[in-house]
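Report on one structure; see the data block that follows.
This structure is a prediction, so every number in the text was calculated from the model and none was measured.
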Amino acid sequence: MAKVLVDDALWELIEPHLPRPKPRRTGRPRVPDRAALTGIIFVLQTGMPWEYLPQQLGCGSGVTCWRRLRDWQEAGAWKKIHRALLTELHQAGKIDWSRAVIDSSSVRALKGGPKRDRTRPTAAVQAASTTSSPMRKASRWWSRSLERMIMTSPSSFRSSTPSRHSRGSADGLASDRRAPKRTGRTTPGHTRRS
């Protein structure tokens, strides 16, 4: 024999919290609420699509059960039923409240909640951060590629006429601000000039 999904005791607890149907004079007779609830529980337990609800269960069509579920949700019946079931189980001593957790998203923290204390340091000196740096580091790629360009084609950076800053100096490039600085580094294939 198949297990009854909505027994008499459960139905007596749930029925008062369901909205009363509006009376109809024409059309098909309304599927009873208990049968619709049985269909809803069956679909939710099995995970099958609503349209595949077997007609042999006597719950009406899957669309009827889905509409009843929607209407009861809009009427707030499920919250009332949930509260009634929790009350019943609590009175019977079947809920272990020591294992219950309050969802923080639904509990309002008044005035932002309690203020946290600052975390005390555990060492005399603060360690360097491994995830971020207070100073942004420049890319070495740009300076290396600029150095290679200078070493391979120095004529592209020198103009044929000296700049106004370098006219009075003995060496035309010595005081030119745009001239690149020479470093001790050499690139492959080039020797250092002295």
Show me the donor-acceptor pairs, under 3.5 Å and distance only, between side chains in residues 73-80 and residues at least two apart or in other chains.
none

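- A search for ring-ring contact (aromatic ring centres under 6.0 Å, His included) contacts involving Trp11 returns nothing, not counting sequence neighbours.
- Partners of Thr38 according to the side-chain hydrogen bond (donor to acceptor under 3.5 Å, both in side chains) rule, which considers only residues two or more places apart in sequence or in another chain, do not exist here.
- Between Val31 and Cys59 the shortest side-chain heavy-atom distance does not fall below 4.5 Å.
- Checked against side chain to side chain contact (heavy atoms under 4.5 Å, CB included), Glu12 has no partners two or more places apart in sequence or in another chain.
- Applying the side chain to side chain contact (heavy atoms under 4.5 Å, CB included) criterion to Leu85, with sequence neighbours excluded, gives Leu10, Leu13, Ile81.
- Here salt bridge (Lys or Arg N to Asp or Glu O under 4.0 Å) pairs that include residues 21-45, with residues two or more places apart or in two chains, are Asp8-Arg34, Arg30-Asp33, Asp33-Arg68.
- The side-chain hydrogen bond (donor to acceptor under 3.5 Å, both in side chains) search around Thr87 returns none, not counting sequence neighbours.
- Residue pairs meeting the side chain to side chain donor-acceptor pair (under 3.5 Å) criterion with at least one member in residues 47-56: none, sequence neighbours excluded.
- Put simply, CG on Asp71 and CG on Leu18 are 11.5 Å apart, with the number rounded to the nearest 0.5 Å.
- Checked against side chain to side chain contact (heavy atoms under 4.5 Å, CB included), Leu86 has the following partners two or more places apart in sequence or in another chain: His82, Ile95.
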Show every donor-acceptor pair shorter than 3.5 Å between a side-chain atom in residues 60-67 and any protein atom, with sequence neighbours excluded, or say none if there are none.
unit_1: Ser61; atom_1: OG; unit_2: Thr64; atom_2: N; d: 3.2
unit_1: Ser61; atom_1: OG; unit_2: Thr64; atom_2: OG1; d: 2.9

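- Neither side chain, His17 nor Trp72, offers a donor N or O lying under 3.5 Å from an acceptor on the other.
- Residue pairs that meet the salt bridge (Lys or Arg N to Asp or Glu O under 4.0 Å) test with at least one member in residues 86-100, sequence neighbours left out, do not exist here.
- When every heavy atom of Leu53 is checked against every heavy atom of Leu57, the shortest pair comes out as CD1-CD1, 3.9 Å.
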